[in-house]
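Only this structure's heavy atoms are used, side chains among them; waters, hydrogens and symmetry mates stay out.
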Amino acid sequence: MAARAVVALVCVAEVVADDLAGHLERRGHDVRKVAQAWQADSLLGGRGIDVAVIGDDLSQADGRDLLKRHGGEGGPDFVLICRPKDLVDKVLALELGAADVVESPLVVRELAARIGGLLARRGRGAAELVVLENATVDLRSAMVMHRSGTEEQLSPGQVALLRLFVASPRKVLTRDDIIAAAPAENAEAFDRSIDSRIVRLRRKLDTETITTIRGAGYRFDPPVTVGADTADG
């Protein structure tokens, strides 16, 4: 198994750091936090860090110094958090090689997504996303991200069931197909238990894309993407 990606949070405000760490850890990443500037060199100099997030509890000049010392080839991707309207600081950070600069106050879920994109480009923990009407599912981390901002965890059996549907779009899957490819997580894998598994999965995903075909089985119809309806026009 590949080692988990590692994200360092340096001088990030405690509330933001705790929330961001939760988002990243639920997606299978390791998080290391330091709250003091003097601790940063030891953490970043030890290598093994994939992304370093530098918070605005540290001065922009000190953040750029860390970038100059530990960025570049072989170093982590740097994300600097800056205060609004600090255009000069943003430009300087980007010119020095920062991968991203975000303004505070920030949306933690958006920042977690930006970090996920950087990790994917490094070949570390790329997400496997399934986009539905009201939620996005990351199959790799088994996370359901609702449009409301809430998140839920899928069980291993639910991940296996959703993978089966995603791999067979618009195909009717029989109960036998489902039992063979995505067995239940306990001994109650009887024919009628399939119905309750499908109901629970639909409810957790808040989706109508999984349709019951009476007397035959179930079918997954992926949502129509924006622009698909106008492709012929």
Q) Would His70 and Ile49 satisfy side chain to side chain contact (heavy atoms under 4.5 Å, CB included), going step by step from the backbone distance to the final call? A) CA-CA 10 Å; His70 301 289; Ile49 304 297; over 6 Å; no
Q) Atom CG in Leu111, atom CG in Leu20: separation rounded to 0.5 Å? A) 5.0 Å
Q) Taking the side chain from Arg202 and the backbone from Ile210, do they hold a donor-acceptor pair closer than 3.5 Å? A) yes
Q) Looking only at atom types and distance, does a side-chain atom of Ser42 sit under 3.5 Å from a main-chain N or O of Gln39, one as donor and one as acceptor? A) no
Q) Hey, which of Val51, Ile54, Leu9 is the one that makes side chain to side chain contact (heavy atoms under 4.5 Å, CB included) with Val79? A) Val51
Q. Do NZ/NE/NH1/NH2 and the carboxylate oxygens of Arg32 and Asp30 come within less than 4.0 Å?
A. no
Q | Ile81 backbone acceptor or donor facing Gln60 side chain under 3.5 Å | A | yes
Q: Not counting sequence neighbours, which residues clear side chain to side chain contact (heavy atoms under 4.5 Å, CB included) with Ser141? List them please.
A: Arg27, Asp138, Met143
Q) Hey, any chance Leu106 and Phe78 share a hydrophobic cluster, counting ILVMFWY side chains that come within less than 4.5 Å of each other, even indirectly? A) no
**Q.** side chain to side chain contact (heavy atoms under 4.5 Å, CB included) partners for Ala98, two or more places apart
**A.** Leu67, Leu80, Ala93, Val101
(Q) Using the side chain to side chain contact (heavy atoms under 4.5 Å, CB included) criterion, which residues pair with Asn134? Sequence neighbours excluded. (A) Asp206
Q.
Just checking Glu208: does its CD atom have more than 12 heavy atoms from other residues, nucleotides or ligands closer to it than 6.0 angstrom?
A. no
